Amino acid sequence: MHHRERPVARERLAGDPVEVAPWLLNKVLVRRDSSGRTVRSGRIVEVEAYRGADDPASHAHRGRTARNATMFGPPGGLYVYFTYGMHWCANVVCWPDGEAGAVLLRAMAPLAGLPAMRQDRPTARRDRDLARGPARLCQAMGITGSEDGSDLVDGVPLALVDDGTAPPSDPERSTRVGISSATDRMWRWWVPGDLHRSPGRPAGG
DNA sequence: AAATTGATTCAT
DNA sequence: TGAATCAATTTT
């Protein structure tokens, strides 16, 4: 049956990113316009967890800076950062207010607003390439640094919702992609068999 | 396998 | 003030 979309509970995001990350699989990221209509959405199929002080691969590892401030804010925030001189990446903030940690959104299966996504991702040849990778996901959803710090639970302009699809009971996992420290931690998860997962090769393993 | 691109950060 | 780094993507 069809379930109504409901926002994820902020309390559920306030925990350890390593536990929140696989739980976020199959949740839906939605962009709404000013009248509340869904203009783009996609199902999250690949994530990575980043902790704070005890995770050398985390932007928050060396403490709070202007760039990573959102990660130290309340759970449910959207942490957006710029990297490689050209790419935006989006994370869901975890842990209680004051403690840093987040889940990187690495890939999505597009659900709604595909024409707009194709327009913002002209290099995507197939629809499965629209949001396959963290920077591609941001392009497909129209996310940039101007939306750093917005709230995914309040849901404007971006929302994290549960449409009734449970997370996979047996998510696949690996080490994280594109990092050079803490390469042994198996903190990347994806929906088994989903073709929308990014091709990124894990660091170390 | 190599080019692309610029903010951020830490070290001088 | 300078150099290294970088939660990647695209093209060759």
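The sequence lines fix the lettering, A, B, ..., with proteins before strands; numbering per chain opens at 1. What you see is a predicted model, and the numbers here were worked out from it, not measured in a lab.
- In this structure, R176(A) pairs ionically with D55(A), as a charged nitrogen and a carboxylate oxygen lie closer than 4.0 Å.
- Of the candidate nucleotides dA7(C), dA7(B), dT10(C), dT10(C) has the atom nearest to the side chain of R121(A).
- Contact annotation for R125(A): no contact, since no heavy-atom pair falls under 4.0 Å across all strands.
- Atom OG1 of residue T38(A) and atom CZ of residue R31(A) lie 11.5 Å apart, to the nearest 0.5 angstrom.
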Every protein N/O within reach of nucleotides 9-12 of chain B N/O, cut-off under 3.5 Å:
unit_1	atom_1	unit_2	atom_2	d
dT9(B)	OP1	T65(A)	OG1	2.3

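- For D163(A) and R43(A), the salt-bridge test passes: some basic side-chain N is under 4.0 Å from an acidic carboxylate O.
- Classified by its glycosidic torsion, dA7(C) falls in the syn category, the angle being within 90° of 0.
- W88(A) and F82(A) have tilted rings, their planes meeting at an angle from 30° to 60° on a 0 to 90° scale.
- Residues V8(A) and W23(A) meet the side-chain proximity criterion, which asks for heavy atoms closer than 4.5 Å.
- For the pair S180(A) and dT5(C), the criterion of a side-chain N or O lying under 4.0 Å from OP1 or OP2 is not met.
- Note on R51(A): every side-chain N or O is 4.0 Å or more away from OP1 and OP2 of dA7(C).
- When distances are taken from the side chain of H87(A) to each of dT10(C), dA7(C), dT9(C), the shortest belongs to dT9(C).
- Stacking annotation: Y84(A) is not stacked on the base of dT5(B) (requires ring centroids less than 5.5 angstrom apart and an interplanar angle below 30 degrees).
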